[in-house]
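What follows is a set of notes on a single structure, which appears directly below.
Computed from heavy atoms alone, side chains included, the values below leave out hydrogens, waters and symmetry copies. In listed order, ligands and their atoms are each counted from 1.
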Amino acid sequence: MANNNYPYEIKDVDIPDTIVARNHDEIVSIGPKGYIFPRKFREMAAEIYNMEVKPTDVYVFSYPRSGTTWTQELVWLVVNDLDYETASKIPLTDRYPFLEGPMFINDSTKQKLLDGNKGNESNAKDIQNVVKSAVELVNEMPSPRFIKTHLPLSLLPPKALEAKMVYVARDPRDAIVSFYHLIDSMKLANFNGDFKQFWTIKNYQSWSPYFDNVKEAWEMRNHPNLLFLFYEDMKKDLKSSVRRVCDFFGKKYSDDQIAKLCDHLTFDNFKNNPSVNFDLMKKIGLMHTDKEFVRKGKTGGWREYFDEEMTAEADKWIEENLRDTDLRFPSMQ
Ligand code: A3P
């Protein structure tokens, strides 16, 4: 599958029969690290890899459920002179196209969504936007262009580091618990197992393997155009993380302005902010209305989900994956 436009091989993956509870029936793996994606990603892999990069572009990227949305709002406000008014009017999903987002909406899913929203023109328009190529959306944006992705660096344009990139990482145990809840909240996800089952199939989730995704960014953390943040640091001392983001973008704000921004970004304010809390997904029928995208916002919540066996597995998994790197998580010090 590798060709002039795309350097990696894309292979179909057979999910072992023993894995009964799964959320994708058709997945592919990409390149030497074997990153997992739904099959539809084939259609967009090269388009994303070859998209134009402008020095004014701003990427916020991460493994899913690591605090991406939180970081996106923080970055957008810092870059846009703390323009709360526009931030409240334009949903985050419109301010940041989700580069590979359309990979989840194949033709039959799209049809189901459109059927479920018959007669509602506004929702039908939102659905068309969700399925539209995000690269096209980015191309239509004025600069600075804000981009959300969970793709690891190696699957992004080779020149992506000419843009400004902010990566956020989170303790994998918390990220995976949160990922489980996200999948559980999605109406069209083909998964109805419990967390223990989800844990066994973590390596078959999109954007995995987790550690490769994080390590690719970690290795570039000293690059002047990449800022590497930890969710746990943001939770512990948001002000310091905000200051790091301001320095990274060369922005100077007063103590009062920073205090106001931290207040805007608190979990409770975030949860009640329709511009960032993904109400759109409920509106168009992608997400169950009794579930929340902005869910608990805690560190260490994984302990309530892991039994002894899973804790031991996680310890071993983490230890093995940290052996060849100086990446260390604040939650594990
Ligand atoms: P939980 O499911 O553990 O609550 P992402 O945006 O990458 O999908 O990450 C989602 C996770 O970030 C969710 O974790 C969500 O609750 C948490 N989150 C979102 N906004 C937050 C905020 N303002 N403060 C703390 N955590 C937040």
Side-chain angles (χ1 to χ4, degrees), residues 59-78 84 87-88 91-93 95-101 104 146-152 165-186 189 195 198-199 202 205-208 210 213-214 217 228-242 245 258-282 286-288 290-306 329-331:
Y59 282 76
V60 173
F61 71 133
S62 60
Y63 184 82
R65 307 306 285 167
S66 300
T68 328
T69 317
W70 196 16
T71 308
Q72 283 174 262
E73 179 76 343
L74 158 55
V75 165
W76 193 92
L77 283 165
V78 165
Y84 295 101
S88 70
L92 199 59
T93 39
R95 285 181 268 146
Y96 280 82
F98 180 15
L99 219 41
E100 66 280 16
F104 289 112
F146 292 83
I147 297 160
K148 165 191 170 172
T149 179
H150 296 308
L151 296 179
M165 308 188 83
V166 180
Y167 190 89
V168 58
R170 184 181 193 187
D171 185 313
R173 295 162 295 190
D174 279 332
I176 289 168
V177 167
S178 183
F179 206 166
Y180 159 71
H181 281 287
L182 179 72
I183 299 288
D184 188 45
S185 69
M186 290 295 166
F195 177 70
F198 191 80
W199 171 249
K202 60 182 178 304
Q205 297 307 317
S206 299
W207 305 286
S208 301
Y210 168 87
N213 193 316
V214 177
F228 192 102
L229 301 173
F230 281 108
Y231 178 91
E232 290 76 14
D233 288 340
M234 290 169 68
K235 279 294 292 184
K236 202 169 153 201
D237 180 2
L238 184 56
K239 225 174 240 180
S240 297
S241 295
V242 167
V245 171
I258 288 187
K260 184 176 171 197
L261 177 55
C262 287
D263 183 60
H264 175 84
L265 293 168
T266 57
F267 181 77
D268 288 340
N269 282 343
F270 224 71
K271 210 174 169 61
N272 296 319
N273 180 348
S275 188
V276 300
N277 67 11
F278 279 79
D279 274 355
L280 171 74
M281 292 209 289
K282 294 184 186 174
L286 265 177
M287 192 172 181
H288 292 292
D290 59 340
K291 303 278 162 112
E292 298 299 337
F293 191 90
V294 179
R295 195 183 60 92
K296 282 257 153 81
K298 295 235 151 49
T299 54
W302 62 269
R303 288 191 176 79
E304 291 165 32
Y305 291 80
F306 283 61
F329 292 86
S331 53

(message) Between F267 and W70, is the ring centroid distance below 6.0 Å?
(response) no
(message) Tell me if the aromatic rings of F61 and H150 count as close, with their centers under 6.0 Å from one another.
(response) no
[X] N/O under 3.5 Å from ligand 1 N/O:
X: W70; result: yes
X: D174; result: no
X: R295; result: yes
X: K235; result: no
X: V294; result: no
X: G297; result: yes
X: H150; result: no

Among protein heavy atoms, which lies nearest [atom], and at what distance?
atom: atom 8 (O) of ligand 1; value: R65 NH1, 2.9 Å
atom: atom 1 (P) of ligand 1; value: S178 OG, 3.4 Å
atom: atom 23 (N) of ligand 1; value: L265 O, 2.9 Å
atom: atom 20 (N) of ligand 1; value: F270 CD2, 3.3 Å
atom: atom 7 (O) of ligand 1; value: T68 OG1, 2.4 Å

(message) If we count only N and O atoms by modelled type, under 3.5 Å, do the side chains of Y63 and S208 hold a donor and an acceptor together?
(response)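 A donor-acceptor contact under 3.5 Å links the two side chains.
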(request) Tell me yes or no: between the side chains of H264 and E73, is some donor less than 3.5 Å from an acceptor? (result) yes
(request) Check whether any heavy atom of G301 sits under 4.0 Å from an atom of ligand 1. (result)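 Under 4.0 Å: no for G301.
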(message) Tell me whether S66 reaches ligand 1 (any heavy atom closer than 4.0 angstrom to a ligand atom).
(response) yes
Considering only heavy atoms of [X], which atoms of ligand 1 have at least one such atom less than 4.0 Å away?
X: T69; answer: 5 (P), 6 (O)
X: F267; answer: 16 (O), 21 (C), 22 (C), 23 (N), 24 (N), 25 (C), 26 (N), 27 (C)
X: Y231; answer: 12 (O), 17 (C), 25 (C), 26 (N), 27 (C)

(message) Is the positively charged end of K148 above the ring of F98, judged by distance under 6.0 angstrom from the centroid and angle within 45° of the axis?
(response) yes
(message) Does R173 qualify as a cation-pi partner of F329, given the criterion of NZ or CZ under 6.0 Å from the six-membered ring centre and within 45 degrees of its axis?
(response) no
(message) Classify the ring geometry of F306 against F195: parallel below 30°, tilted from 30° to 60°, perpendicular beyond 60°.
(response) tilted
Nearest 0.5 angstrom please: [X] [atom1] to [Y] [atom2], how far?
X: L151; Y: Y59; atom1: CG; atom2: OH; value: 9.5 Å
X: S66; Y: Y167; atom1: OG; atom2: OH; value: 6.0 Å
X: E100; Y: W207; atom1: CD; atom2: CH2; value: 5.5 Å

(request) Record the part of R170 in heavy-atom contact with ligand 1 below 4.0 Å; permitted values are side chain, backbone, both and neither. (result)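 Contact part for R170 vs ligand 1: side chain (C-beta onward).
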(message) For a side-chain hydrogen bond (donor to acceptor under 3.5 Å, both in side chains) check, start with the C-alpha distance between Y305 and D174, then their side-chain angles and the critical distance, and finish with the verdict.
(response) CA-CA 10 Å; Y305 291 80; D174 279 332; over 6 Å; no
